[in-house]
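The structure displayed is predicted, hence computed values, not measured ones.
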Amino acid sequence: MSDYTLTIKTYEKKGVLDDITDVITSHGANISYVHLFVEKNNMGSINLELEHVEDIDELVSDLENIGEVKSVELHGSQLDIYGKRIIIVGGGAQVSQVAMGAITEADRHNIRGERISVDTIPLVGEQPIAEAVEAISRLPRVSVLVLAGSLMGGEITEAVKKVKEESKLIVICLNMPGSVTQYADLIITDPIQAGVLAVMSIADTAVFNIERLGDNIKF
């Protein structure tokens with residue numbers, strides 16, 4: 001079984017998405033991510049990430065037999081192309097320092113064949129950060145969340161708890177006041193080092209195992 005990405009062009013018509021998902025389900029494949037939009041010519045474009053596909057040629061053929069489907073394009077999975085993803089959320093200056101460490105370390109591992117990307121979103125305020133954390137479960141390929149701030153708790157902590165319950169996300173945070181540190185896998189004082197360890201925690205080419213460090217280790 002393998003993972004694939006499909007781009008399906010369809011005529012805009014009610015019920016076509018149901019027909020597509022019915023075909024995929026009948027093949028025993030799992031949809032791990034979907035993004036759809038209507039193009040300028042009123043054609044629908046559906047991008048699907050599929051897991052556990054047994055016979056991709058037969059699946060594509062069955063999809064092409066749906067009357068409203070104009071074309072089906074087959075791609076490699078987004079995980080194979082873009083790899084793992086690190087999201088850094090928090091205060092501007094600290095986010096940039098974490099990103100510096102993460103990007104430098106990612107470069108070293110990506111040269112060896114890894115594909116690790118780093119995304120940042122400088123935010124301030126409890127509610128905006130909590131919303132960003134909670135939305136991570138809806139983003140594809142995210143392996144690590146780094147919280148870079150001077151004080152985090154309340155709604156942010158609840159969002160972190162929820163995300164960790166729903167996924168295998170690794171959470172790293174800077175050493176700061178607030179209850180969010182109780183739910184982080186690693187607490188690190190130096191922001192550059194936080195970025196470095198975020199990459200090392202998911203890089204297959206790194207001699208590093210976050211589980212050996214135990215919970216809430218401070219650096």
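- Here the CD atom belonging to Q94 is positioned 13.5 Å from the OG1 atom belonging to T120, to the nearest 0.5 angstrom.
- Here the closest heavy-atom approach between residue L147 and residue V180 is recorded as CD1-CG2, 3.5 Å.
- Here the shortest heavy-atom pairing between A203 and E114 reads C-OE2, 3.2 Å.
- Side-chain contact between L145 and V163: absent, with no pair of heavy atoms (C-beta onward) separated by less than 4.5 Å.
- Looking only at distances, a side-chain donor or acceptor of S137 sits under 3.5 Å from a matching main-chain atom of E134.
- Under the 4.0 Å criterion applied to side-chain N and carboxylate O atoms, D204 and R115 are not assigned as salt-bridge partners.
- Looking only at side-chain heavy atoms (C-beta outward), V160 and T157 stay at 4.5 Å or farther from each other.
- No donor-acceptor distance shorter than 3.5 angstrom exists from the side chain of R85 to the backbone of S117, with no hydrogens or angles considered.
- Between the side chain of S167 and the backbone N or O of K164, no donor-acceptor pair lies under 3.5 Å.
- For the pair I87 and V144, the minimum side-chain heavy-atom distance is 4.5 Å or more.
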With side-chain contact (heavy atoms from CB on, under 4.5 Å) as the test, would you mind laying out the steps for V23 and I66 before giving the verdict?
CA-CA 9 Å; V23 169; I66 298 174; 3.8 Å; yes
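- A distance-only check finds a donor-acceptor pair linking the side chain of T21 to the backbone of D18 [under 3.5 Å].
- Residues I86 and I116 meet the side-chain proximity criterion, which asks for heavy atoms closer than 4.5 Å.
- Ring-plane geometry between Y33 and H35 is classed as parallel, the angle between the planes falling under 30 degrees on a 0 to 90 degree scale with a further cut at 60.
- Side chain of N175 to main chain of I187: no donor-acceptor pair is present (N/O by atom type, distance under 3.5 Å, no hydrogens or angles).
- Put simply, the residue from V89, T181, L186 that forms a side-chain contact (heavy atoms from CB on, under 4.5 Å) with C173 is T181.
- Under the 4.0 Å criterion applied to side-chain N and carboxylate O atoms, K9 and E73 are not assigned as salt-bridge partners.
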Would Y4 and H75 count as a side-chain contact (heavy atoms from CB on, under 4.5 Å) if you check the C-alpha gap in whole Å, the side-chain angles of each, and the deciding distance to 0.1 Å?
CA-CA 6 Å; Y4 297 93; H75 315 281; over 6 Å; no
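- Listed for the S61 side chain is no donor-acceptor partner under 3.5 Å among the backbone atoms of E58.
- For the residue pair E68 and T10, no side-chain donor N or O sits within less than 3.5 Å of a side-chain acceptor on the partner.
- Residues L74 and T5 form no side-chain contact, since every pair of their non-hydrogen atoms from C-beta on lies 4.5 Å or further apart.
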Starting from the C-alpha separation in whole Å, work towards a yes-or-no answer on side-chain contact (heavy atoms from CB on, under 4.5 Å) for V72 and L59.
CA-CA 10 Å; V72 180; L59 174 57; over 6 Å; no
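- A salt bridge does not link E165 with K162: none of the charged nitrogens is closer than 4.0 Å to a carboxylate oxygen.
- In terms of heavy atoms, A194 sits closest to L174 at CB-CD2, 3.8 Å.
- In this structure, NZ on K70 lies 13.5 Å from CD on E64, to the nearest 0.5 angstrom.
- Taking 4.5 Å as the limit, every side-chain heavy atom of N47 sits out of range of all side-chain heavy atoms of L6.
- Counted by atom type alone, D62 and H27 present one or more donor-acceptor pairs between their side chains at under 3.5 Å.
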Is there a side-chain contact (heavy atoms from CB on, under 4.5 Å) between I46 and T7? Walk through the geometry before answering.
CA-CA 6 Å; I46 306 171; T7 298; over 6 Å; no
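- Residues M176 and L151 are not in side-chain contact: their nearest non-hydrogen atoms beyond the backbone lie 4.5 Å or more apart.
- Between E155 atom CD and E131 atom CD the span is 8.0 Å, to the nearest 0.5 Å.
- Annotation: side chain of L17 is in contact with side chain of L36 (closest heavy-atom distance under 4.5 Å).
- If you check the side chains of E49 and S32, you find no donor sitting under 3.5 Å from an acceptor.
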